[in-house]
Amino acid sequence: MSQQGRLIVVSNRIPTEAAPSGGLVVALHEALESRGGIWIGSSGQVVDEPGGLKTLADDKYTRLAFDLTKAEHEGFYLGYANSVLWPLFHHRADLIDVDQGDRDQYMGVNARVAQLIAEVIEPNDVLWIHDYHFLPLAAELRKLGLDNRMGYFLHIPFPNPSDIAALPDRKQLPHWIAAYDLIGLQTQRDVSACLEWLRGDTAAEFTLRGRMKLDTRHFEVRSFPIGIDVDAFRDAAERADITITDLPTNQKLILGVDRLDYSKGLPNRFEAFGKYLSMRDKNLPHATMIQVAPPSREDVEAYKDIRVQLESMAGSVNGEHAELDWTPIRYLRRPLPRDVVAGLYRRADVCLVTPLADGMNLVAKEYVAAQDGADPGVLILSHFAGAAEQLDGALMVNPYDTVSMAEAIDQALKMDLHERRARWLSMMQVIRETDIDWWTNSFLRSLQNQPQMRVA
Ligand code: ADQ
């Protein structure tokens, strides 16, 4: 065992491929390869009886997976995580579906995963736990007497105090948080929301150097905006060189790439594009919008409506504006391979990233990385994406105001090369400075520097 201790990463899903793809997964994979350690997560398999940890791979580091039972999958994953925490943390208390049985499964899975971790952890190991599926995990581990350093990164927005008021676990939440040594959030806005709530609605107190204290525990809340592997994305985009045979090169392409999720603001985006089509200068070449949005979490009730709603909106915009040889919205429900997405980004003149709430939104950063610097496209970005705090070269929009979003589309399509380049260069500088390696290293360095508190 090294002096520094091994890294133990816990995330909801664990990659099953030998060489995983996707920015975050690759970054964690690399951090684990260089330090050695363990990655623990669910296998994605649903089984009859809960079992122990299964070794998926054991090379430079070990991947250990647990299966979920059907009741756990429904209560922990579909239920409490995705029907309570996800909507609430995206400011959609109207969509929450609270069920005591689901909550019991959520707590049960966290307690069970804590037991599984306790079987493999060693005294100097450092834990890095990811996302809303595992909010109470450190508290469960502390109950087992573990005093290892534990860091947590929340990939989604931190809720406002009024959202938290609707959370069944609002009384426990401060203690779940205080069980970690370091809480990483995406943005300064999230950190402010978290500190405002801790100060106003809980018994937590500020101590020296911006740290907080609750119960007997000291902890720190800081922002670590997640980044991407800029060069890998740029190279993939250069290589992909997409030609869409029925989209002439003089025709403008507007692109949207999202998981189909109510937080991503897709209906507002379609409405804004429809308004743009009504106001556009008919002498200019057509602009076609490609929206790639494969369904996700289809077993969750709130996700069923959005798919039907979007299909009907695309049909109605197309019905009103299509011509014999031109369909304004192409809506693809199939997921596309990453290199095809990269090529599409590069071909697109405009990318619409217009969520109503989003932790960061990596599509915004990937689009910037994929551009040809000699003739870059324009990013239209919602104020409500975490990425808005960093990417001030984007055209910022309020996704609720579809008229001004339509005007932003028009402005983007008409923007001259000089302005496009200036905006792109400033965004490129930021995404390079805070890329995925910066994110992993700065979080882990900060976690390592937290004083280790011995359990009394
Ligand atoms: P997500 O909500 O999944 O992630 P996002 O960051 O936009 O959102 O996307 C993650 C990845 O999925 C990106 O690499 C993107 O290219 C890919 N992707 C999305 N839609 C796709 C599509 N239609 N086809 C192919 N690939 C697609 C959560 C939070 C975000 C936060 C990330 C990382 O909700 O706010 O940025 O975690 O912390």
Side-chain angles (χ1 to χ4, degrees), residues 11-13 15 20-28 81-82 85-92 128-133 152-159 184-187 189-190 223-230 232-233 236-237 240 242 255-266 269 290-297 300 303 306-307 310 330-346 348 351-370 379 381-382 384-391 431 434-436 438-440 443:
S11 65
N12 175 47
R13 285 295 291 275
S21 64
L24 168 64
V25 169
V26 171
L28 293 173
N82 281 310
L85 296 175
W86 177 277
L88 209 59
F89 282 38
H90 289 86
H91 320 304
R92 291 298 303 269
W128 190 6
I129 293 164
H130 290 261
D131 233 356
Y132 58 102
H133 313 89
Y152 178 77
F153 188 79
L154 182 68
H155 291 259
I156 64 178
F158 195 86
L185 302 174
Q186 297 273 26
T187 64
R189 181 168 59 196
D190 293 314
S223 76
F224 298 89
I226 193 167
I228 60 166
D229 184 340
V230 177
F233 225 88
I242 295 279
L255 181 66
V257 175
D258 306 77
R259 263 186 321 98
L260 187 55
D261 193 298
Y262 49 80
S263 64
K264 302 287 180 185
L266 297 170
R269 192 181 301 174
I290 294 183
Q291 175 64 55
V292 191
S296 64
R297 306 174 193 164
V300 176
Y303 287 72
I306 169 112
R307 175 168 166 173
L310 274 183
R330 298 186 190 188
Y331 171 34
L332 278 70
R333 273 201 328 235
R334 249 178 323 120
L336 296 178
R338 284 182 76 71
D339 55 336
V340 176
V341 172
L344 270 178
Y345 285 146
R346 195 168 173 94
C351 185
L352 281 168
V353 177
T354 57
L356 307 178
D358 214 332
M360 175 56 60
N361 196 299
L362 294 179
V363 169
K365 294 186 173 182
E366 292 167 357
Y367 177 70
V368 172
L379 175 65
L381 183 61
S382 157
F384 301 112
E389 217 165 74
Q390 293 182 291
L391 301 181
I431 66 169
T434 53
D435 69 0
I436 189 70
W438 170 87
W439 178 77
T440 323
F443 185 92

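Counting starts at 1 for both ligands and their atoms, in listed order. The chain is numbered in sequence order, starting from 1.
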*Do Asn12 and Tyr132 have side-chain atoms, one donor and one acceptor, less than 3.5 Å apart?*
no
Does Ile431 offer a backbone N or O that forms a donor-acceptor pair with the side chain of Gln390 under 3.5 Å?
-> no
In terms of its nearest heavy atom to atom 23 (N) of ligand 1, the top option of Ala385, Ala342, Pro294 is Pro294
Numbered in order shown, the ligand 1 atoms found under 4.0 Å of a heavy atom of Tyr345 are 16 (O)
Next item on the list: Report yes if some heavy atom in the side chain of Trp128 is under 4.5 Å from a heavy atom in the side chain of Thr440; otherwise report no.
Entry: yes
Logged contact type for Trp86 with ligand 1, heavy-atom cut-off 4.0 Å, is side chain
message: With the threshold set at under 4.0 angstrom, would you say Tyr132 reaches ligand 1 through any of its heavy atoms?
response: no
The atoms of ligand 1 lying under 4.0 Å from a heavy atom of Glu366, numbered in the order shown, are 13 (C), 14 (O), 15 (C), 16 (O)
request  = May I ask you to test the Pro157-Phe384 pair for a side-chain heavy-atom distance under 4.5 Å?
outcome  = no
Please confirm whether Tyr367 comes under 4.0 Å of ligand 1, counting heavy atoms of the residue only. no
(Q) With respect to Asp258, determine whether any N or O atom, backbone or side chain, lies less than 3.5 Å from an N or O atom of ligand 1. (A) yes
| Can you find a pair of side-chain heavy atoms, one from Tyr367 and one from Val257, that are under 4.5 Å apart? | no
Geometry only, no angles: is His90 polar-contacting ligand 1 at N/O separations under 3.5 Å? no
The atoms of ligand 1 lying under 4.0 Å from a heavy atom of Lys264, numbered in the order shown, are 1 (P), 2 (O), 7 (O), 8 (O)
For residues Leu154 and Asp131, determine if any side-chain heavy atom of one lies less than 4.5 Å from a side-chain heavy atom of the other. yes
Leu362 heavy atoms within 4.0 Å reach ligand 1 at atoms 5 (P), 6 (O), 7 (O), 33 (C), 36 (O)
(message) Could you check, using the six-membered ring where one of them is a Trp, whether Phe153 and Trp439 have ring centers closer than 6.0 angstrom?
(response) yes
Numbered in order shown, the ligand 1 atoms found under 4.0 Å of a heavy atom of Gly359 are 35 (O)
The atoms of ligand 1 lying under 4.0 Å from a heavy atom of Gln186, numbered in the order shown, are 31 (C), 38 (O)
Q. Has the side chain of Asp258 got a donor or acceptor atom that lies under 3.5 Å from a matching backbone atom of Ala293?
A. no
Ligand 1 atoms nearer than 4.0 angstrom to some heavy atom of Val341 are 25 (C)
Under 4.0 Å from one or more heavy atoms of Val363, ligand 1 contributes atoms 7 (O), 15 (C)
Checklist entry - Is a side-chain N or O of Asp435 found less than 3.5 angstrom from the main chain of Val230, in a donor-acceptor match? => result no
